[in-house]
Amino acid sequence: MTSILLRSAKRGAGRAIRSFSSESTPERKVAVLGAAGGIGQPLALLMKLNPLVSSLSLYDIAGTPGVAADVGHINTRAVVAGFMGEAELGEALKGADVVIIPAGVPRKPGMTRDDLFNINAGIVKGLCTAIAKYCPEAIVNMISNPVNSTVPIAAEVFKKAGTYDEKKLFGVTTLDVVRAKTFYAGKAKVPVEGVNVPVVGGHAGITILPLFSQATPATNALGAEEIKALTKRTQDGGTEVVEAKAGKGSATLSMAYAGAVFADACLKGLNGVPDVVECSFVQSTVVPGLPFFASKVRLGKNGVEEILGLGPLSDFEKEGLEALKPELKVSIEKGIKFATS
């Protein structure tokens with residue numbers, strides 16, 4: 001069954017998940033904070049299936065022993081341990097190479113990512129304080145929304161603790177890329193496994209800017225209105241799922257998949273695999289006036305090895321870039337203010 005699951009994962013994910021197999025398998029500990037939640041559980045499963053992971057640490061405020069026992073029975077390399085409650089957070093984090101944070105409350109119908117801020121910001125601040133204490137050199141993958149604010153919060157917490165390394169803090173925007181690839185492939189009628197679409201900006205509404213002009217394989221089959229519609233659907237992808245679940249959840253399965261793809265890329269980078277490139281929301285000077293921005297980054301042994309530029313933009317994309325700047329700036333400043341006040 002394991003081999004079937006792994007073969008299926010590889011086929012479905014294209015190039016990104018094919019990285020699950022690697023000749024180099026050093027010991028790597030991955031900690032998932034919020035592992036009993038809607039994203040955390042499937043993310044724990046996917047990380048257990050990743051042979052680059054030797055130790056999988058699952059933490060949440062409640063319910064983690066059951067998740068750990070369940071996932072731990074799967075016959076793959078990673079040894080699983082579950083930790084519950086604040087008293088066990090330090091032990092969950094000690095020695096972690098990669099920390100993934102899906103902790104927080106999910107979106108509900110009519111709720112914007114900004115509505116999540118007050119609850120999730122406090123959760124993130126507390127978890128990052130613990131990371132700074134127990135595994136200050138770990139790569140941190142922030143999933144908790146609103147990412148446009150929670151990444152700046154994490155940065156400020158780490159700065160205060162004297163542990164901040166801008167190369168090791170990532171906002172996970174991979175779900176925007178996953179959606180853009182899927183939607184583009186469907187419209188362009190090309191095999192989704194070979195599609196790549198950079199997505200830049202942030203991780204909420206109009207701050208999400210898919211660069212369909214740079215999509216590969218290129219196509220002349222899509223007109224301006226179709227590109228506009230694809231852009232809107234990518235930006236509203238989270239709302240589409242929230243509404244489809246009719247008040248019973250948000251994007252959990254697709255987010256877990258995207259989180260696993262990005263974590264795998266980080267592990268490959270740590271292990272010295274060359275030319276690992278993903279989009280992520282990081283400290284950046286790509287766009288003047290925006291201290292954090294999502295763009296393609298090259299990953300390596302120290303986290304971010306290189307932040308890549310935007311490349312040529314269409315007129316439509318240039319307009320989108322100008323439109324997102326004020327909103328993204330406000331979200332970043334809101335996170336900084338929360339963390340420093």
Side-chain angles (χ1 to χ4, degrees), residues 1-33 35 39-59 64 67-83 91-102 131 134-143 165 167-170 172 174 178 193 256-280 297-306:
M1 175 62 94
T2 301
S3 62
I4 293 172
L5 281 169
L6 288 172
R7 286 200 302 272
S8 176
K10 290 175 186 176
R11 284 196 301 269
R15 286 172 295 179
I17 281 282
R18 279 204 295 274
S19 59
F20 271 17
S21 61
S22 174
E23 294 177 4
S24 175
T25 53
E27 299 290 307
R28 295 295 181 194
K29 176 176 176 177
V30 173
V32 179
L33 308 185
I39 297 169
Q41 290 196 47
L43 178 58
L45 169 62
L46 291 169
M47 297 317 295
K48 181 70 170 89
L49 296 180
N50 189 328
L52 301 183
V53 181
S54 60
S55 174
L56 183 60
S57 177
L58 305 179
Y59 170 82
T64 335
V67 178
D70 195 359
V71 172
H73 290 178
I74 297 170
N75 59 317
T76 55
R77 180 191 182 205
V79 176
V80 181
F83 301 90
E91 192 62 31
L93 289 170
K94 284 179 183 175
D97 296 288
V98 177
V99 179
I100 313 172
I101 310 179
I131 291 168
Y134 294 105
C135 56
E137 296 183 357
I139 284 176
V140 177
N141 291 355
M142 184 69 67
I143 291 175
D165 183 347
K167 294 181 178 181
K168 293 187 174 182
L169 175 60
F170 298 90
V172 180
T174 313
V178 166
E193 293 87 355
Y257 166 78
V261 168
F262 189 75
D264 181 64
C266 290
L267 289 166
K268 283 198 305 172
L270 284 174
N271 291 350
V273 177
D275 203 33
V276 179
V277 177
E278 293 286 341
C279 292
S280 183
V297 299
R298 182 171 283 105
L299 302 171
K301 292 183 178 181
N302 298 307
V304 175
E305 295 290 341
E306 183 183 8

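Residues T76 and P51 form no side-chain contact, since every pair of their non-hydrogen atoms from C-beta on lies 4.5 Å or further apart. With a 4.5 Å cut-off on side-chain heavy atoms, N141 and I143 do not count as touching.
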Inset, instruction - Start with the C-alpha gap between L267 and V30, add the side-chain angles, then the distance that decides, and say whether side-chain contact (heavy atoms from CB on, under 4.5 Å) holds. - result: CA-CA 9 Å; L267 289 166; V30 173; 4.2 Å; yes
Inset, instruction - Apply side-chain contact (heavy atoms from CB on, under 4.5 Å) to I74 and L45, showing your working. - result: CA-CA 9 Å; I74 297 170; L45 169 62; 3.4 Å; yes
Legend entry - Audit row: V98, R28, side-chain contact (heavy atoms from CB on, under 4.5 Å) steps and yes/no: CA-CA 8 Å; V98 177; R28 295 295 181 194; over 6 Å; no
Inset, instruction - Assess whether side-chain contact (heavy atoms from CB on, under 4.5 Å) is satisfied between K168 and V140, documenting all intermediate values. - result: CA-CA 6 Å; K168 293 187 174 182; V140 177; over 6 Å; no
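In this structure, L270 CG and D97 CG are separated by 6.0 Å, a value rounded to the nearest 0.5 Å. Here the CG atom belonging to N50 is positioned 11.0 Å from the OG1 atom belonging to T25, to the nearest 0.5 angstrom. Distance check: L299 CG to E278 CD gives 7.0 Å after rounding to the nearest 0.5 Å. How far CG of D275 is from CD of E306: 9.5 Å, rounded to the nearest 0.5 Å.
Partners of A258 according to the side chain to side chain contact (heavy atoms under 4.5 Å, CB included) rule, which considers only residues two or more places apart in sequence or in another chain, are T174, L175, V178, M255. Legend: residues meeting side chain to side chain contact (heavy atoms under 4.5 Å, CB included) with V79, ordered by chain and number and at least two apart, are absent. Listed by chain and number, the residues in a side chain to side chain contact (heavy atoms under 4.5 Å, CB included) with Y134 are L93, K94, A130 (sequence neighbours excluded). Scored by the ring pair (Phe, Tyr, Trp, His ring centres under 6.0 Å) test, Y59 finds no partners at all (sequence neighbours excluded). Under the rule for a salt bridge (Lys or Arg N to Asp or Glu O under 4.0 Å), E137 has no partner lying at least two apart in sequence or in another chain.
The shortest heavy-atom contact between I101 and M142 is CD1-CE, 3.9 Å. Across all non-hydrogen atoms, the minimal contact from L46 to A256 is CD1-O, 3.6 Å. V276 approaches G269 most closely through the heavy-atom pair CG2-N, 4.4 Å. Closest non-hydrogen pair, S280 versus V297, comes out as CB-CG2, 4.3 Å. The minimum heavy-atom distance between L56 and A78, with the atom names listed, is CB-CB, 4.3 Å. Closest heavy-atom contact between G259 and L43: C-CD1, 4.0 Å.
Within the 3.5 Å criterion, the main-chain N or O of G72 finds no donor-acceptor partner in the side chain of K48. The backbone N or O of V273 lies less than 3.5 Å from no partner atom in the side chain of N271, so there is not a single donor-acceptor pair. At distances below 3.5 Å, at least one donor-acceptor pair connects side-chain atoms of T64 with backbone N or O atoms of F83.
Residues in residues 67-79 take part in these salt bridge (charged side-chain N to carboxylate O under 4.0 Å, His left out) pairs, two or more places apart or across chains: E27-R77.
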